[in-house]
Amino acid sequence: MSGVDPNNAQTGAVIGVVAMVVMVGLALVLNAGYYTWMVVRYQATLGKLALGFKIVTADGGRVGTMRALGRWAANAMLNAIICYVIVLI
C-alpha cells in the first residue's frame, strides 16, 4: 500500500512543523489585522484608548492603512530584534 504512514515518526514531525508554521502565520495575520484596523478606525489600540492617547500623523491627521501596517511591521521587527539580543545575552 502506498501513501503516507501515519505511524512514521518523520511524518509526525513534518505535520508538527507545518502546523506550527500555519499557527504562527495565522497569529501574525490576526495581530497585524487587529493593530491596523484599530489604528485606522479609532486612531489607537485598546490600551491607548484606555489612556486617552491617539496615533496621528506629523500634521495631526489620521493614519492611513499602509502607514498603520508599516507601524505594526516596524514594531514587530524591533520586538524580534530585542528578543533575539536578550536570548544571545
Side-chain angles (χ1 to χ4, degrees):
M1 180 173 168
S2 66
V4 177
D5 180 13
N7 296 325
N8 186 350
Q10 187 176 11
T11 302
V14 169
I15 291 172
V17 168
V18 169
M20 220 162 62
V21 168
V22 168
M23 293 303 292
V24 168
L26 182 62
L28 285 172
V29 167
L30 288 175
N31 189 310
Y34 157 76
Y35 183 86
T36 303
W37 179 72
M38 287 293 293
V39 168
V40 170
R41 173 108 181 177
Y42 300 107
Q43 293 182 290
T45 56
L46 290 175
K48 289 178 181 68
L49 283 174
L51 295 173
F53 298 152
K54 285 193 174 185
I55 299 172
V56 296
T57 60
D59 62 355
R62 295 184 76 86
V63 175
T65 303
M66 292 309 292
R67 185 172 295 255
L69 189 58
R71 285 177 53 91
W72 173 82
N75 188 20
M77 285 190 300
L78 183 61
N79 285 340
I81 290 168
I82 289 171
C83 288
Y84 183 72
V85 168
I86 289 173
V87 167
L88 287 179
I89 294 175

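Computed from a prediction, not measured in an experiment: that's the story for all the values here.
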Close side-chain approach of W72 and T45, heavy atoms under 4.5 Å: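 No, their side chains stay 4.5 Å or more apart.
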
Working to the nearest 0.5 angstrom, can you tell me the gap between [X] [atom1] and [Y] [atom2]?
| X | Y | atom1 | atom2 | value |
| --- | --- | --- | --- | --- |
| N31 | T36 | CG | OG1 | 9.0 Å |
| R62 | K54 | CZ | NZ | 7.0 Å |
| R67 | T65 | CZ | OG1 | 12.0 Å |

Are [X] and [Y] in one and the same hydrophobic cluster, where Ile, Leu, Val, Met, Phe, Trp and Tyr link if side-chain heavy atoms are under 4.5 Å apart?
| X | Y | result |
| --- | --- | --- |
| V14 | V22 | yes |
| L28 | Y35 | yes |
| V40 | L69 | no |

Pairs touching residues 42-68 that satisfy ring pair (Phe, Tyr, Trp, His ring centres under 6.0 Å), sequence neighbours left out: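 Listed by first then second residue: W37-Y42.
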
Partner of Y84 under side chain to side chain contact (heavy atoms under 4.5 Å, CB included), chosen from I86, L88, I81: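 Of I86, L88, I81, side chain to side chain contact (heavy atoms under 4.5 Å, CB included) with Y84 is met by L88 alone.
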
